[in-house]
Student: 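Next up is a structure, given as structure tokens.
Basis for what follows: all heavy atoms, side chains included, without hydrogens, waters or symmetry-related copies.
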Amino acid sequence: MTSTQIESTRFVAGRWFASVVALILLFIPAGAAAQVAQVEVVSDDSGTRLQVDGQDFMVNGMNWDYFPIGTTFTYSLWTQPEAVIKTALDREMAMLKSMGVNVIRQYVGVPPRWVQYIYENYGIYTALNHALGRYGVTIDGVYIASTDYSDARTRATIIAEVEKMVRDFKDTPGVLMWLLGNENNYGLVWSSAETEALPEGERDAARAKHLYSLFGDAARAIKAIDTKRPVTMVNGDLQYIDIIAEESKGIDVFGT
């Protein structure tokens, strides 16, 4: 073959290969580019660490939310037009990625598709956070500002919300772990016949037992649905660490 024929053959073969690749990609389902990772806390003689699909993973994370200048906490990025959401995410996530961030903490309310979008386009995982009644709870359409963690109906409502969160997101690539609470121990201000009957010095400890047993119940409820990710909590400093160790069985990572 002449050099011209060889180059022509390469050109045709290259175009054929590109066409085949395009055809294959056409039949790959949307979202198939990213799979749900196996995330776990591993302990051995060298210590304790997080692993993603068997590889050690150092979390370089930060809390992230989006409020344009001039808006308040009532603003939600996720109710904006898709073009607005993409513009905001592309700007923010590009900056976070350039900083070396690989995990962001996001709150319940973000749709699964955007968690996946962030991960697939920027390689940034999400630790998905349910506040576990930190800022009140809504029962039968009625908002209760001070969460009574001893109330059976309140506990059932919160656990149901957590279970829904996990079911909605368990097949979403990019979710790194389930995050519970936000320094809930700083908000133990509810009262009940049970706690008020106790001596003053014992009331906070009684409230804390109800709170942290709910953390334990939530962790076990999560693991009954999803076995691929760890459960972590956000506590205010080391307060009640002894009660946490006793009541919050199933928590994999302690955040303070």
Student: Does the side-chain hydrogen bond (donor to acceptor under 3.5 Å, both in side chains) test come out yes or no for Tyr186 and Asp237, once each step is laid out?
Tutor: CA-CA 10 Å; Tyr186 293 156; Asp237 59 64; 2.5 Å; yes
Student: Side chains of Leu214 and Ser248: closer than 4.5 Å at any heavy-atom pair?
Tutor: no
Student: Would you call Arg49-Glu40 a salt bridge at under 4.0 Å N-O?
Tutor: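 Salt bridge: no.
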Student: Output yes when a side-chain donor or acceptor of Arg105 lies under 3.5 Å from a complementary backbone atom of Asn129, and no otherwise.
Tutor: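 No; judged by distance alone, with no hydrogens or angles, the pair does not exist.
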Student: Hey, does His130 have a side-chain heavy atom less than 4.5 Å from the side chain of Ile158?
Tutor: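 Yes - at least one pair of side-chain heavy atoms lies under 4.5 Å apart.
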Student: Supply the atom-to-atom distance Leu176 CG to Arg229 CZ, rounded to the nearest 0.5 angstrom.
Tutor: 8.5 Å
Student: If two hydrophobic side chains count as joined below 4.5 Å and joins carry through other members, does Leu180 share a cluster with Trp178?
Tutor: yes
Student: Give the minimum heavy-atom separation between Thr256 and Leu238, together with the two atoms involved.
Tutor: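 Scanning both residues completely, I find the closest heavy atoms to be OG1-N, 4.0 Å.
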Student: I'd like to know whether Met62 forms a side-chain contact (heavy atoms from CB on, under 4.5 Å) with Met99, so could you lay out the CA-CA distance, the side-chain angles of the two residues, the decisive distance to 0.1 Å, and finally the verdict.
Tutor: CA-CA 11 Å; Met62 65 178 295; Met99 290 168 55; 4.3 Å; yes
Student: Side chains of Tyr117 and Met93: closer than 4.5 Å at any heavy-atom pair?
Tutor: no
Student: Please step through side-chain contact (heavy atoms from CB on, under 4.5 Å) for the pair Phe254 and Asn235, ending with a clear verdict.
Tutor: CA-CA 8 Å; Phe254 176 79; Asn235 196 62; 3.7 Å; yes
Student: Return the minimal non-hydrogen interatomic distance between Lys249 and Ala245, and the atom names on each side.
Tutor: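 The answer is NZ-O, 3.0 Å.
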Student: Is there a donor-acceptor contact under 3.5 Å from the side chain of Thr138 to the main chain of Tyr143?
Tutor: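 Pair absent, no side-chain N/O of Thr138 close to backbone of Tyr143.
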Student: Applying the 4.5 Å side-chain criterion to the ILVMFWY set and letting contacts propagate, would Phe169 and Tyr107 be lumped into a single cluster?
Tutor: no
Student: Can Glu82 and Arg113 be said to form a salt bridge (Lys or Arg N to Asp or Glu O under 4.0 Å), step by step?
Tutor: CA-CA 11 Å; Glu82 182 172 310; Arg113 63 172 295 203; 3.2 Å; yes
Student: Step by step, work out the side-chain contact (heavy atoms from CB on, under 4.5 Å) result for Lys228 and Val39.
Tutor: CA-CA 6 Å; Lys228 285 184 170 289; Val39 186; over 6 Å; no
Student: Charged N to carboxylate O under 4.0 angstrom, Arg167 versus Asp226?
Tutor: no
Student: Using the rule given for side-chain hydrogen bond (donor to acceptor under 3.5 Å, both in side chains), can you reason through Arg155 versus Ser213, listing the C-alpha separation, both sets of side-chain angles and the distance that settles it, and then say yes or no?
Tutor: CA-CA 10 Å; Arg155 294 170 71 93; Ser213 66; 3.0 Å; yes
Student: If we only count heavy atoms from C-beta on, is the Trp114 to Lys86 side-chain gap below 4.5 Å?
Tutor: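 SC-SC contact between Trp114 and Lys86 confirmed.
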Student: Could you tell me if the side chain of Tyr240 sits less than 4.5 Å from the side chain of Lys209, heavy atoms only?
Tutor: no
Student: Under a 3.5 Å distance rule, please check whether Asn182 uses its side chain to pair with a backbone N or O of Ala131 as donor and acceptor.
Tutor: no
Student: Are Trp78 and Val175 co-members of a hydrophobic cluster defined by side-chain heavy atoms under 4.5 Å apart?
Tutor: yes
Student: Taking Asp168 for its side chain and Pro112 for its backbone only, find out whether a donor-acceptor pair lies under 3.5 Å.
Tutor: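 Side chain of Asp168 to backbone of Pro112, a donor-acceptor pair under 3.5 Å: no, none is there.
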Student: Hey, can you tell me if Phe57 and Tyr125 have their rings parallel, tilted or perpendicular (30° and 60° cut-offs)?
Tutor: perpendicular
Student: Between Tyr122 and Val103, is there a shared hydrophobic cluster once you connect ILVMFWY residues whose side-chain heavy atoms come closer than 4.5 Å?
Tutor: no
Student: Do you know which two heavy atoms are closest between Asp148 and Ser150, and how far apart they sit?
Tutor: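 Smallest heavy-atom distance, with atoms named: OD1-OG, 2.6 Å.
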Student: What distance separates Arg207 CZ from Asn184 CG, expressed to the nearest 0.5 Å?
Tutor: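 Between Arg207 CZ and Asn184 CG, I get 14.5 Å after rounding to 0.5 Å.
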Student: So, for Phe73 and Phe67, is the gap between ring centers shorter than 6.0 Å?
Tutor: no
Student: Do Thr87 and Val84 have side-chain heavy atoms sitting under 4.5 Å apart?
Tutor: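 SC-SC contact between Thr87 and Val84 ruled out.
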Student: What's the separation between atom CE in Met95 and atom CG in Asp90, rounded to the nearest 0.5 Å?
Tutor: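 Rounded to the nearest 0.5 Å, the CE-CG separation comes out at 11.0 Å.
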Student: Output the distance between atom CD (Glu161) and atom CD1 (Ile159), rounded to the nearest 0.5 Å.
Tutor: 10.0 Å
Student: CG of Leu211 to OG1 of Thr147: how many Å apart, nearest 0.5 Å?
Tutor: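 Separation between the atoms: 9.5 Å.
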Student: Say whether Gln38 and Asp53, considering side chains only, have a donor N or O and an acceptor N or O under 3.5 Å apart.
Tutor: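 No, because no side-chain N or O of Gln38 sits under 3.5 Å from a partner of the opposite role on Asp53.
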Student: Minimum heavy-atom separation for Pro230 and Leu50, please, with both atom names.
Tutor: CG-CD1, 4.1 Å
Student: side-chain hydrogen bond (donor to acceptor under 3.5 Å, both in side chains), that's the test. Do Thr126 and Gln106 meet it? Break it down for me.
Tutor: CA-CA 6 Å; Thr126 288; Gln106 294 200 74; 3.0 Å; yes
Student: Does atom CE of Met58 have more than 12 heavy-atom neighbours from other groups under 6.0 Å away?
Tutor: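 No, because the 6.0 Å sphere around CE of Met58 holds 12 heavy atoms or fewer from other groups.
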Student: For Ile85 versus Leu77, what's the shortest heavy-atom pair and its separation?
Tutor: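 Heavy-atom minimum between the residues: CG1-O, 3.3 Å.
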Student: What I'd like to find out is whether the side chain of Tyr149 reaches to under 4.5 Å of the side chain of Thr154, using heavy atoms alone.
Tutor: no
Student: To check you understand the geometry: which heavy-atom pair defines the closest contact between Ile251 and Phe215, and what is its length?
Tutor: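 Minimum heavy-atom contact is CD1-O, 4.2 Å.
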Student: Is the closest side-chain heavy-atom distance between Met233 and Leu179 below 4.5 Å?
Tutor: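 Met233 vs Leu179: side chains apart.
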Student: OH/Tyr212 to CD1/Ile244 distance, rounded to the nearest 0.5 angstrom?
Tutor: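 Rounded to the nearest 0.5 Å, the OH-CD1 separation comes out at 4.0 Å.
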Student: Backbone N or O of Gly250 within a donor-acceptor pair of the Lys223 side chain at under 3.5 Å?
Tutor: yes
Student: Go through the steps to decide whether Val36 and Thr172 satisfy the test side-chain contact (heavy atoms from CB on, under 4.5 Å), and finish with yes or no.
Tutor: CA-CA 6 Å; Val36 174; Thr172 302; over 6 Å; no
Student: Over 60° means perpendicular and under 30° means parallel, so tell me whether Tyr66 and Tyr75 are parallel, tilted or perpendicular.
Tutor: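 Ring orientation, 0 to 90° scale: tilted.
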Student: Is there a chain of hydrophobic side chains (I, L, V, M, F, W, Y, each step under 4.5 Å between heavy atoms) that links Ile241 to Val253?
Tutor: no
